[in-house]
Amino acid sequence: MPELLPVLEKEVIARRIDEIALQISSDYSDADLVIIGVLKGAFVFMADLIRRIQCDCMQIDFIRLASYGTKSASCGQIGLLKDIEIDIEGKDVLIVEDILDTGLTLAFLHQHLEKYNPRSVKTCVLIDKPERRKTKIQAEYTCHSVKEGFLVGYGLDYAERYRNLTGIFNLKL
Ligand code: IMP
Ligand code: MG
């Protein structure tokens, strides 16, 4: 049986989202904000985050990428499964992503979204795993930094399972 070791409890996740949302609300107070969630892993985080950001006229969209590789490791090849549907030209885009690991996904996303001429593109990640980084990319907003392990729960999956867990766990197979 796989083992689930607790990494972040739901209260800890919620408290940090409150802080980050406050910061984002202040930074984007005069912005034409479009929040773009990266499916599927970011959907739980995004749902909690957007309800704490004070910006009445923000727009919400989703993008979905295909990262090729095994269930727990990407080989770095990324494709687009679903593009955004909102026109982001001249707008301030905030990408909401679950995990920043090698950085290849975010690098791809930045390159892709820049083609639509947004005014700015920044990123908010739930978890930064800095150890396996292959690009120089950094997120402007990071909720938590985690050193090692394959994480599941709170939207994060292993083979589409464990997304419904309220906290984040290290999955030991
Ligand atoms: P990157 O391109 O290596 O930065 O990969 C980021 C993507 O890999 C994230 O969007 C996640 O979907 C996935 N990923 C990386 N590490 C984990 C993990 O520990 N658990 C679940 N998904 C992960
Ligand atoms: Mg992802």
Side-chain angles (χ1 to χ4, degrees), residues 1-10 12-14 16-17 20-21 24 34-50 60-85 88 93-116 118 121-173:
M1 272 300 274
E3 213 184 335
L4 291 168
L5 307 174
V7 175
L8 295 166
E9 288 173 1
K10 65 177 181 187
V12 175
I13 299 170
R16 184 65 183 137
I17 290 178
I20 292 278
I24 293 172
V34 182
I35 299 204
I36 299 178
V38 186
L39 293 172
K40 300 177 194 175
F43 82 106
V44 176
F45 173 44
M46 170 133 160
D48 283 342
L49 181 72
I50 58 168
I60 303 292
D61 206 344
F62 291 96
I63 195 163
R64 185 157 177 223
L65 305 174
S67 174
Y68 302 100
T70 64
K71 290 189 182 85
S72 61
S74 152
C75 67
Q77 235 185 312
I78 295 155
L80 191 66
L81 284 179
K82 183 212 139 351
D83 204 353
I84 51 168
E85 290 157 41
I88 58 168
V93 170
L94 182 65
I95 299 169
V96 175
E97 171 66 311
D98 54 359
I99 295 191
L100 171 54
D101 188 15
T102 63
L104 294 170
T105 303
L106 261 192
F108 173 92
L109 263 178
H110 267 267
Q111 214 174 22
H112 175 71
L113 294 175
E114 290 293 351
K115 289 189 273 192
Y116 298 122
V121 181
K122 291 186 180 176
T123 308
C124 176
V125 295
L126 174 63
I127 290 167
D128 186 5
K129 298 207 301 195
E131 273 181 343
R132 299 204 304 176
R133 197 79 90 252
K134 288 186 184 156
T135 64
K136 281 193 183 145
I137 213 142
Q138 282 184 330
E140 284 77 8
Y141 307 95
T142 299
C143 291
H144 303 276
S145 192
V146 175
K147 265 212 164 145
E148 53 190 12
F150 190 82
L151 306 176
V152 296
Y154 197 69
L156 308 172
D157 76 309
Y158 174 74
E160 299 302 331
R161 296 180 197 275
Y162 308 110
R163 292 193 197 275
N164 56 311
L165 300 176
T166 57
I168 292 175
F169 297 82
N170 186 342
L171 178 72
K172 295 279 188 192
L173 291 170

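All values below come from the heavy atoms of this structure, side chains included, with hydrogens, waters and symmetry mates left out. Quick note: residue numbers are just sequence positions, from 1. Numbering of ligands and ligand atoms starts at 1, following listing order. These numbers come from a predicted model, not from an experiment.
Below 30°, between 30° and 60°, or above 60°: for F108 and H112 the angle between ring planes is below 30°, a parallel geometry.
Here R133 pairs with D128 in a salt bridge; the nearest charged N to carboxylate O distance falls below 4.0 Å.
Considering backbone and side-chain atoms alike, I78 places every N or O at 3.5 Å or more from each N or O of ligand 1.
How far CG of L109 is from CD1 of I78: 8.0 Å, rounded to the nearest 0.5 Å.
Contacts between D157 and ligand 1 below 4.0 angstrom, taking non-hydrogen atoms only, involve the backbone exclusively. Using a 4.0 Å cut-off between heavy atoms, E97 contacts ligand 1 through its side chain alone, with no backbone atom that close. In K129, the part holding a heavy atom less than 4.0 Å from any atom of ligand 1 is the side chain.
Close approach to G103 involves these atoms of ligand 1, each under 4.0 Å from a residue heavy atom: 1 (P), 3 (O), 4 (O). Close approach of ligand 1 to T105 is summarised as follows: ligand atoms under 4.0 Å from at least one heavy atom of the residue are 1 (P), 2 (O), 5 (O), 6 (C).
Here the closest non-hydrogen pair linking E97 and T105 is OE2-CG2, 3.5 Å.
Remark: among candidates T102, T135, D128, the nearest residue to atom 3 (O) of ligand 1 is T102, based on non-hydrogen atoms.
Residue G41 places every heavy atom at 4.0 Å or more from ligand 1.
Side-chain contact between F45 and C143 is present, with heavy atoms from C-beta onward closer than 4.5 Å. Taking the side chain as every heavy atom from C-beta outward, H144 and L8 approach each other to under 4.5 Å.
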